[in-house]
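The structure under discussion appears below in the form of structure tokens.
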Amino acid sequence: MRFEELPTPCYVVDEGLVEKNLQILSGVIKRTGCKIILAQKAFSMYKMYPLVAEYLHGTTASGLFEARLGYEEMGKENHVFAPAYRDDEIDEIAEICDHIIFNSFSQLEKFKDKVLQAGKKVGLRINPECSTQDGHDIYDPCATGSRFGVTREQFRPELLEGVSGLHFHTLCQQNSDDLAKTLEAVEEKFGEWLPQMEWINFGGGHHITREDYNIPLLEECIKKMQEKYGLEVYLEPGEAVALNAGYLITTVLDTMKNGIDIAIVDTSASCHMPDVLEMPYRPPLFNSGEVGEKPFLYRLGGQTCMAGDVIGDYSFDQPLKHGDRLVFGDMAIYSMVKNTTFNGMALPAIAIKHKDGDCQIVREFGYQDFKMRLS
Ligand SMILES: *Cc1c(COP(=O)(O)O)cnc(C)c1O
């Protein structure tokens, strides 16, 4: 079916654009010999995993369910990190994951033997205490009081037996200069123990597929750790894999005025693009402008009853009217993985735009998907 014929609301992931990102990542792999795995937290559209698997080494997960999805649908290297594992899930995790990364020495002590007995690699997350992002405490694992990773002060080298790698994740939508800065802190605080490791994982948050990203500096960082310490280097980006590779299509249901022109659309910031409110950010919208750029200004609001369910203010060449279709950009990542049925909102359908332009709906949701999670 054609893009214009898709039902709304609908997430559409553009196969050609995902592949373009994968080719950029694959260039880094080819030039450095590092390994790159998909952080499923950002993008778990497993229909696309066969394509991802052609370029990347596997998946990483934030816990058992994502790990199982990676195991079932990608079937390549499968890593996992969680702030803590439950006693009743560690056996399955040890069975289906290749690298199991612990967040503390107490978790390490508790579960390390199980993991080693299963023949899997044990990793430890460190906290280099090097904040490189400002203003975004909720996305900064190095913020004061953070629960992520062992600090130098809490580090216990005598318990490192069986640990084959260190993991850090401190970035969010950042460039490689921040990675270089973080690596300096990692070396300064934990460099002493790097020679005894087999691998190091640089985490995610590398915006590698963004136009202004400095790839040569990333590659220098990777090569430095490979050459200086003989380490295998892993990167686990989520966003970068599907950055700018998807859309959310919506239809205008009504327009009204209250000081400003308002349009109600058949989607919701709160339910379908929660990062718009959580991050917060103003999602790109095709054929629209900033406030004041085009003659007709509208505040786009969602269908829920939450006053704050506002996507943003956008200007247009023509007045909006019932039935107009609007297409938001960059909606592949942190969208379908985070949506909810709050207010009884239906979940958007999920579609693929194939390389030849043909669109295919791969999943639709209805009332049962809302009801099933309640009782
Ligand atoms: C969130 C996360 C990632 C992926 O981050 P992106 O910003 O999507 O690249 C990778 N590793 C860990 C441990 C994470 O928490």
Side-chain angles (χ1 to χ4, degrees), residues 13 18 21-22 24-25 28 34-45 48 52 56-67 69-70 74 77-85 93 97-104 107 121 123-128 130-133 136-143 146-150 165-176 178-179 182 186 199-210 213 215 218 221 233-246 273-275 278-279 281 330-338:
V13 172
V18 172
N21 287 340
L22 290 167
I24 293 171
L25 298 173
V28 175
C34 77
K35 288 189 169 178
I36 303 185
I37 54 181
L38 164 72
Q40 298 174 89
K41 178 182 81 190
F43 182 66
S44 308
M45 186 176 173
M48 304 293 269
V52 176
L56 304 189
H57 293 88
T59 39
T60 188
S62 316
L64 175 60
F65 287 177
E66 281 185 1
L69 189 68
M74 180 101 59
E77 264 191 56
N78 201 23
H79 297 210
V80 64
F81 162 80
Y85 299 100
I93 283 176
C97 294
D98 302 294
H99 283 212
I100 292 120
I101 293 149
F102 295 101
N103 192 46
S104 69
Q107 281 262 305
K121 305 250 188 229
L124 182 71
R125 179 161 174 176
I126 51 170
N127 178 353
C130 174
S131 282
T132 49
Q133 23 179 327
H136 267 148
D137 262 17
I138 70 161
Y139 295 116
D140 183 4
C142 293
S146 165
R147 69 186 184 284
F148 294 110
V150 182
L166 297 181
H167 173 286
F168 65 86
H169 168 75
T170 66
L171 307 179
C172 178
Q173 303 185 337
Q174 279 163 280
N175 213 315
S176 44
D178 289 327
L179 171 65
T182 302
V186 167
W199 52 271
I200 186 165
N201 187 322
F202 290 1
H206 319 279
H207 245 191
I208 304 168
T209 50
R210 199 176 70 198
Y213 189 87
I215 291 179
L218 167 70
C221 291
V233 174
Y234 284 90
L235 305 180
E236 47 181 34
E239 291 215 5
V241 175
L243 189 65
N244 284 314
M273 38 184 130
D275 268 2
E278 187 178 299
M279 190 88 188
Y281 79 107
D330 199 18
M331 282 292 162
I333 49 173
Y334 293 109
S335 53
M336 59 186 92
V337 291
K338 286 187 96 167

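Indexing begins at 1, ligand by ligand and atom by atom, following the structure's order.
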Check: Does the ring-ring contact (aromatic ring centres under 6.0 Å, His included) test come out yes or no for Tyr234 and His99, once each step is laid out?
Finding: CA-CA 11 Å; Tyr234 284 90; His99 283 212; 5.0 Å; yes
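Distances between N or O atoms of Glu239 and those of ligand 1 include at least one value under 3.5 Å. For a threshold of 3.5 Å applied to N or O pairs, the pair formed by Tyr334 and ligand 1 contains at least one separation below that value.
Proximity to Gly238 (heavy-atom distance under 4.0 Å) selects the following atoms of ligand 1: 4 (C), 6 (P), 8 (O), 9 (O). Listed by number with element, the atoms of ligand 1 under 4.0 angstrom from any heavy atom of Lys41 are 1 (C), 2 (C), 3 (C), 14 (C), 15 (O). Those atoms of ligand 1 that come under 4.0 Å of a heavy atom in Ala42, given as number and element, are 8 (O).
Looking only at distances, a side-chain donor or acceptor of Gln174 sits under 3.5 Å from a matching main-chain atom of Thr132. With hydrogens and angles disregarded, a donor-acceptor distance shorter than 3.5 Å links the side chain of Gln107 to the backbone of Tyr85. Using a distance-only test at 3.5 Å, with no hydrogens or angles considered, a donor-acceptor pair links the side chain of Arg210 to the main chain of Gln173.
Protein heavy atom nearest atom 4 (C) of ligand 1, with residue, atom name and distance: Ala39 CB, 3.5 Å. For atom 5 (O) of ligand 1, the nearest protein heavy atom (residue, atom name, distance) is Gly205 N, 3.5 Å. Residue, atom and distance of the protein heavy atom nearest to atom 3 (C) of ligand 1 are His169 CE1, 3.6 Å.
Within the 4.0 Å heavy-atom shell around ligand 1 one finds Pro237. Heavy-atom separations between Tyr139 and ligand 1 are all 4.0 Å or longer. Under the 4.0 angstrom criterion for non-hydrogen atoms, Ala240 is not in contact with ligand 1.
Closest approach of Ala61 and Gln40 over heavy atoms only: CB-NE2, 4.0 Å. Of all non-hydrogen atoms in Ser146 and Pro141, the two that sit nearest each other are OG-O, 2.6 Å. Closest of all the heavy-atom pairs between Ala242 and Ile333 is CB-CG2, 3.7 Å. Nearest heavy-atom pair, Ser131 versus Asp140, reported as atom, atom and distance to 0.1 Å: OG-OD2, 2.7 Å.
Between the choices Gln174, Glu236, His79, the shortest heavy-atom distance to atom 11 (N) of ligand 1 belongs to Glu236.
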